[in-house]
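All residue numbers refer to positions in the sequence shown, counting from 1. When a ligand or atom number is given, it counts from 1 through the structure's own listing order.
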Amino acid sequence: MKRTVLLIFTLFIAIQSFGQAKYVFLFIGDGTGANMVNYTEFYKGAMEGKVGISPLIFSTFPVCNVATTFQYQGKVTDSAASGTAIACGKKTSNGALGVGPEGERYTSIAETAAKNGKKVGIMSNVEINHATPGAFFGHQKSRGNADQLIADMLADNFDFYGGCGIMKSNNYKTDVFEDCKNAGYTVCRNNDDFKAGYQNASKILFIPDKEHAVKDAIDRQNMKPGESICISDFVSSAIQFFMKDNCKQGFFIMCEGGIIDHLNHGNDAAGAVREVIDLDEAVRIAYEFYLQHPKETAIIVTADHDTGGPGVEVNPETIVNLQYQKHSIGKMTALLKEKMKEKGKEPLSWDEVASFLSEEMGMWSKFKVSENDEKYLKEIYEKTIAKNETGNVTDEYGYNHNAEIVAKAAQMVARNCGFKYTTGGHTAAYVPVFYIGPKPEIFSVKMDNSFFYNKIAEIARYK
Ligand SMILES: [Zn+2]
């Protein structure tokens, strides 16, 4: 009799957990609309000598769909409103995090996961209290309330936080890392710290030090793994940390590729393409985990909104020219400034600037530059560098303050490579949704970003 009861009970538990996503990964490419993904695959294809595209790992997932992203009044969203919609399942106004337009408190899927006993990890390659990660623990009417977001982060008490840094205002007088330590976090500043500390840690805050600072993917092409911390480091660390005691309860991990948006604001196509590939590398780690736990793992990859509104006009012969851009526009601006400083009072000559652009982007040396394009760049040179000025180009979000000649040259090269930005802001274009995991039919209808909360709760059986 006892054995029958036990058998029935075991069977009941087995049926209960069948098709349940015990391990959930949610990846958000900030500012990564459908065309950004599409173009990255064309670039990969061209670089691998293939006709058409070479797929990113996440685009091979069995479900591929689209989502709308508008904020609560139907306007183009920012990352705070969209992050909130994804995290909390409810729309809000731009700038608001984890609260409604009137300030009413929402609950995030990460908070629900924690309430259901799951381990929770929130990570991004921008600051941990930036808009997208902040939407999973923050409850602020303004995304700019950095100090309050730190308090929200510690109040939610999640198991793993990772980011390039922590934003704080001048009013924040205490040492933020000490505050986190006092809240029970083991603070890791690089991979060695993590390896040394994770076994005995109960909660982890992973924020790299200066020597291991997060860099744009395009700017760390020649670096060794771990030299500049990236989202792959965060994802693999979080998995290792959660699985050290088998993680019977399961986990929820949100990982943001936040730099994609910043580079798209600056219309830095070559940089943004590398960031999408970098996001795909982080997804690869989750996918390898999925292969070990295929029945219990769900991976969702989506974006909070499109940035830059790129049009894609691919020519396989020219798209490969994008590979010659060695650094992000921001880094190139810094390098150009150094050159100007070295030269002293006398401005750089056109020839010197042209050889800089040739060295940094392959212009003239690797591919032809049309007469018109050269004329246009010379005009910018005359009104800026010839007067010993950089002529800063700034986007409305303030992420980029780039030298005009570098910014315009990079846009020009990208256009000739078939990637044409229509704006430096966000658009309402569809974002892609890729899914692998239990109950794929749940993700098989066109979505709105406010659907994710319920969909994740359903596949993971959160109450
Ligand atoms: Zn943005």
Do any protein N, O or S atoms sit under 2.8 Å from the Zn ion (ligand 1), and which ones are they?
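Protein N, O or S atoms closer than 2.8 Å to the Zn ion (ligand 1): Asp261 OD1, Asp261 OD2, His265 NE2, His426 NE2.
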Report all side-chain donor-acceptor pairs from residues 442-452 shorter than 3.5 Å, counting only partners two or more places apart or in another chain.
unit_1 : atom_1 : unit_2 : atom_2 : d
Ser444 : OG     : Pro440 : O      : 3.0
Asp448 : OD1    : Thr68  : OG1    : 2.7
Asp448 : OD1    : Lys91  : NZ     : 3.1
Asp448 : OD2    : Lys91  : NZ     : 3.0
Asp448 : OD2    : Ser450 : N      : 3.1
Asp448 : OD2    : Ser450 : OG     : 2.6
Asn449 : OD1    : Lys91  : NZ     : 2.9
Asn449 : ND2    : Thr69  : O      : 3.3
Asn449 : ND2    : Ser82  : OG     : 3.0

Would you kindly say whether [X] and [Y] are connected by a side-chain donor-acceptor distance under 3.5 Å?
X: Asn416; Y: Asp373; answer: yes
X: Glu404; Y: Thr384; answer: no
X: Asn190; Y: Glu211; answer: no

By the definition side-chain contact (heavy atoms from CB on, under 4.5 Å), identify the one residue from Ile300, Val283, Ile299 that meets it with Phe25.
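In the set Ile300, Val283, Ile299, the residue that makes a side-chain contact (heavy atoms from CB on, under 4.5 Å) with Phe25 is Ile299.
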Decide, yes or no, whether a salt bridge links Glu389 with Lys383 under the criterion of side-chain N to carboxylate O below 4.0 Å.
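Salt bridge: no.
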